[in-house]
Amino acid sequence: MMAGLHIWIPRLIISRAIGFLLAFQLSLVSAQQGFLSINSCANSNITDSNGINWITDEGLFPNTSTCQEFAVPPQGIPSATVRTFELKSGKVCYSLKVDTGHDYLIRATFLGQGLGSSFAVLVGVTQIALVNSSEVSTVVEGVFRAEGGYEELCLWRQSGNPYITGVEVRDLGGPGDYSNYFDDDSGSSSSSGHVLKLVARVSFGSTNGSIIRYPKDQRDRIWQPGAPSSPGDDLLNVPANVLPNTDSTIPSDVLRVALSNPDRLDLIIDGLDDGGDLHNYSVFLYFLEPNISLQVGQRVFDVYVNGVNNFPKFDVLAQGSGYARVNLSVSATGYLNVSLAKASNASGFGPICNAYEVFRVLPKAVGSEIHDVDTMLAVKDEFLASNEGNAVFGNWFGDPCVPVNWDGLTCNVVNGSSVVSMLELSPKGLRGRIPIGITMLTHLTELNLSDNVLTGTIPAFPATSMLRSLDVRINHLSGPIPESLFSLPYLTLLNFGCNPRFYTPLPDTVKKVPLTSDNGICKNDGSSSRQRLVIGTVACGSVIIICAGIFIFCLYKRKFKGRRYDMKGYPLPKIYAVSSGENFMLKSISIEAFTLDCIEAATQNYNTLIGEGGFGSVYRGTLSDGQEVAVKVRSATSSQGTREFENELNLLSAIRHENLVPLLGYCCENDQQILVYPFMSNGSLQDRLYGEASKRKILDWPTRLSIALGAARGLTYLHNFSGRSIIHRDVKSSNILLDHNMNAKVADFGFSKYAPQEGDSGASLEVRGTAGYLDPEYYSTQHLTAKSDVFSFGVVLLEIISGREPLNIHRPRNEWSLVEWAKTFIREQKIEEIVDPNIKGMYHAEAMWRVVEVALACIEPFSAYRPSMADILRELEDALIIENNASEYMKSIDSFGGSARFSIVIEKKAVLPPIPAEGAELSPFNSQPLAPPAPR
Ligand SMILES: *[C@@H]1O[C@H](CO)[C@@H](O)[C@H](O)[C@H]1NC(C)=O
Ligand SMILES: *[C@@H]1O[C@H](CO)[C@@H](O)[C@H](O)[C@H]1NC(C)=O
Ligand SMILES: *[C@@H]1O[C@H](CO)[C@@H](O)[C@H](O)[C@H]1NC(C)=O
Ligand SMILES: *[C@@H]1O[C@H](CO)[C@@H](O)[C@H](O)[C@H]1NC(C)=O
Ligand SMILES: *[C@@H]1O[C@H](CO)[C@@H](O)[C@H](O)[C@H]1NC(C)=O
Ligand SMILES: *[C@@H]1O[C@H](CO)[C@@H](O)[C@H](O)[C@H]1NC(C)=O
């Protein structure tokens with residue numbers, strides 16, 4: 001036992017921690033030391049006529065709505081109340097605090113309901129009985145040796161709802177004081193390898209037909225009255241002066257009468273619930289010689305069980321004191337016939353028997369690995385702290401895997417014991433932090449906590465973790481991702497998108513690891529829109545306040561300046577008051593606040609102007625650490641800057657993606673409004689397609705494709721941000737910047753805003769965008785959706801294909817609008833007419849066609865016909881694969897996680913609907929591009 005002791009220590013610590021809440025302590029009332037009596041659903045604690053104290057189980061199960069009361073209490077239980085457990089599957093348990101190494105009797109009473117319920121009764125993980133509600137009343141009793149600090153009585157649902165009326169636990173003694181029910185009472189582990197299930201317990205000591213129990217039996221075994229059954233049977237009283245000297249574990253009242261017969265006693269125990277199979281039984285026979293004048297050899301008999309002579313020529317007096325106890329181990333089926341027959345050739349008196357017990361011997365089932373049991377209990381505890389009453393924990397009782405898994409768990413067998421291998425709790429409405437205990441599940445390979453309301457950070461996993469897949473999408477988690485995750489040897493999937501407070505994209509170093517990840521992108525698969533709506537509302541609340549605040553600011557400005565963007569005949573935008581207690585979450589990530597001095601030093605007093613726009617000017621600079629930056633400075637005369645400045649600051653604070661230009665910092669000193677970005681050394685896509693840069697070097701088709709793909713990824717991320725779309729509103733080739741590796745990064749969030757949600761009135765701020773890219777539907781209805789960006793992106797695709805600007809009034813009239821011009825040719829399937837002459841013959845036709853088709857779908861006048869960015873992304877991925885036809889790209893998308901791909905069906909219409917009157921080229925933005933040039 002010593003060797004085993006330290007193994008139990010963690011479990012003891014945990015059970016102590018949860019003991020007050022979840023486990024019943026055995027009563028310490030001195031008269032009933034080691035007694036625990038639970039009357040399920042009873043109104044109050046009560047002391048019955050035997051002096052036994054009963055407690056209610058309302059501390060453990062406070063819900064009384066499933067309590068029932070019957071008219072007649074079953075034998076020995078104060079009230080006929082029944083607790084029903086509405087389980088769909090699995091088990092529910094009473095956790096009972098016990099002393100390690102002690103033997104216990106546990107007795108459970110079930111008042112039948114006739115409701116078609118059927119359930120198994122387990123002691124720990126060992127099934128000892130099946131209860132069927134067709135029985136009016138079922139009493140199940142087991143005897144076990146406690147191995148840990150507590151033991152469970154579990155009800156494992158088979159059909160209908162399990163129910164229970166009473167639980168009684170009785171300490172049968174510890175080392176030195178055992179009641180001798182196990183072969184080896186030295187305390188070695190072999191003796192605890194079984195659970196005994198009571199089949200019969202009979203004493204002939206009760207002459208008036210009553211049971212014998214506490215206080216006559218201090219251990220409160222219930223002895224049924226035995227009676228003579230055959231002709232010649234006789235009851236012999238044991239003289240009172242003999243009784244006190246008997247074995248202390250069997251009370252004298254049980255032994256005070258002996259059944260005897262001149263020839264033969266037959267004790268028949270039938271109706272064994274063994275279904276016709278051979279099972280092992282343990283039979284205990286108790287003898288106390290009633291005739292004090294008898295000598296050894298005067299009462300000798302053979303003990304047969306089912307015809308086998310187990311004890312030939314047994315002589316009670318030969319055992320010494322006149323008291324004897326015989327333990328028979330037998331295999332049997334159907335019935336047991338214990339026969340005590342006067343030995344042949346013996347003279348003298350016939351056999352006697354004072355009491356007997358029959359148990360079925362059930363091998364202890366093997367529970368889950370103890371470490372996992374303890375850990376799961378701790379995890380449950382951690383979860384319950386914030387999720388009291390959550391239905392998912394309705395069957396989180398007892399052993400997590402044996403004989404049935406807790407909801408959400410998948411278990412495996414490793415080295416002969418069950419371990420938790422998967423934990424899948426999605427979507428379960430879980431709140432609070434991710435329990436730290438989860439990281440200690442040594443065999444956990446998959447953890448899916450997606451689609452909950454979990455907060456806090458992802459806990460760090462130890463290096464020994466076997467974790468292969470971690471999914472915490474759609475929660476309220478905040479970053480960063482613990483570095484240690486990336487060194488987990490088996491981790492191949494990591495999804496953490498749709499966590500509004502999460503900003504961290506995967507570090508670049510991680511991309512080399514074969515790890516599939518959503519990279520924080522919020523893929524909207526529509527699987528749980530309700531949950532997302534909640535998250536979206538909470539997450540966006542803060543940004544909406546800011547927007548509303550700026551909106552008011554804007555309106556105030558207008559009052560004095562008049563409306564700059566007058567929409568003839570369209571209603572004025574309305575203000576929607578947003579009230580919310582959410583705290584603004586700006587600065588939740590590492591955005592640096594630069595001093596003005598620092599900015600001036602970096603830009604050498606604004607020495608190199610690289611762009612200018614409505615916002616102000618963009619300068620190139622170098623930070624003290626050598627990083628090249630683009631510094632956007634709001635000009636003092638700018639009328640539109642403040643709003644864009646704050647909008648971009650707010651949005652960029654929360655958004656991080658490898659295909660979006662990140663915000664490095666800002667400066668608000670001295671009323672300056674300065675935003676700092678990394679410098680994109682390869683300029684903009686526009687410049688590369690038909691600007692100055694295009695004259696130096698032709699942008700080849702595969703690079704164009706991969707830029708389109710990168711931009712599509714960035715926009716997909718925006719559109720799925722936090723489960724709620726952010727609409728860029730100014731997608732154009734000059735806002736797609738290229739870093740030193742020609743990776744595309746979408747820039748300029750000055751106009752971006754959250755998509756209107758269900759419940760928003762739908763009216764939006766004034767129409768924004770750039771002529772040539774503007775969605776005609778958005779322009780005419782002012783109804784903003786993510787499909788407006790899709791339209792603009794379609795125009796960008798056409799630019800990539802044709803190398804032409806979206807609007808050029810210096811071309812012939814029918815070529816002013818790239819969209820209209822290209823559509824005509826695409827309709828006639830003459831794509832070679834629109835392809836940039838610079839890349840003629842240097843592209844794969846199939847890849848080109850894919851892109852053309854996507855572009856055509858994007859510029860559908862009616863937004864409903866346009867694909868989503870995610871669809872576009874997949875099409876572009878396919879196109880690039882076709883184009884490259886090389887393994888290299890496969891690698892790069894594998895690390896991105898684009899595994900599940902399917903093609904969108906793009907409807908090709910014979911006749912395209914006419915675009916609404918007043919096309920984009922006639923919009924008021926024609927003469928005034930609104931966005932500042934991108935930093936170059
Ligand atoms: C019943 O007894 C238990 C154990 O002694 C105690 O914790 C509980 O508060 C009692 N309940 C009532 C209603 O008295
Ligand atoms: C009690 O249980 C019933 C039936 O399962 C359930 O409808 C009810 O919500 C529960 N009450 C509480 C307070 O949990
Ligand atoms: C319960 O007992 C009834 C009647 O004896 C029987 O029909 C039913 O099959 C039993 N249910 C189970 C699950 O054993
Ligand atoms: C039966 O006898 C015992 C004493 O041996 C007594 O305590 C008990 O009350 C009696 N029961 C009945 C029903 O008479
Ligand atoms: C009965 O006991 C024997 C020996 O102890 C064992 O080999 C056998 O497996 C047991 N049978 C059952 C059904 O438990
Ligand atoms: C007890 O044993 C003696 C013999 O030692 C015998 O004479 C007597 O009849 C016995 N009493 C009973 C009640 O059997």
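Counting convention: from 1, in listed order, for ligands and their atoms alike.
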Inset, instruction - Among Y356, F314, Y323, find the one that has a ring pair (Phe, Tyr, Trp, His ring centres under 6.0 Å) with F287. - result: F314

Inset, instruction - Determine yes or no for a side-chain-to-main-chain donor-acceptor pair under 3.5 angstrom, with S117 supplying the side chain and N161 the backbone. - result: yes

Legend entry - G389 heavy atom under 4.0 Å from ligand 2: no

Legend entry - Any donor-acceptor N/O pair, E152 side chain to F397 backbone, under 3.5 Å: no

In residues 125-132, what donor-acceptor pairs under 3.5 Å come from side-chain atoms, sequence neighbours left out?
from	atom 1	to	atom 2	distance (Å)
T126	OG1	A365	N	2.9
N132	OD1	S134	N	2.9
N132	OD1	S134	OG	3.1

Inset, instruction - Would you check ligand 5 and list the protein residues that come within less than 4.0 Å of it by any heavy atom, ordered by chain and number? - result: L278, N280

Inset, instruction - Evaluate the criterion side chain to side chain donor-acceptor pair (under 3.5 Å) for residue pair S37 and R170; output intermediate values, then yes/no. - result: CA-CA 9 Å; S37 311; R170 308 292 183 242; 3.0 Å; yes

Inset, instruction - Would you check whether E86 has a nitrogen or oxygen atom less than 3.5 angstrom from a nitrogen or oxygen atom of ligand 2? - result: yes

Inset, instruction - List every atom of ligand 1 that sits less than 4.0 Å from any heavy atom of I55, numbering the atoms from 1 in the order shown and giving each element. - result: 1 (C), 2 (O), 3 (C), 4 (C)

Legend entry - Results of side chain to side chain donor-acceptor pair (under 3.5 Å) for R201 - residues two or more places apart only: E141, E357

Legend entry - Step-by-step side chain to side chain donor-acceptor pair (under 3.5 Å) determination, R264 to S339: CA-CA 7 Å; R264 176 187 180 102; S339 280; 3.0 Å; yes

Inset, instruction - Consider every N or O of N45 and every N or O of ligand 1, then say whether any pair is closer than 3.5 Å. - result: yes

Legend entry - Residue N63 vicinity, atoms of ligand 2 by number, heavy atom under 4.0 Å: 1 (C), 2 (O), 3 (C), 8 (C), 10 (C), 11 (N), 12 (C), 14 (O)

Inset, instruction - Provide the full list of side-chain hydrogen bond (donor to acceptor under 3.5 Å, both in side chains) pairs with a residue in residues 392-405, sequence neighbours left out, each pair given once. - result: S368-D399, N395-D407

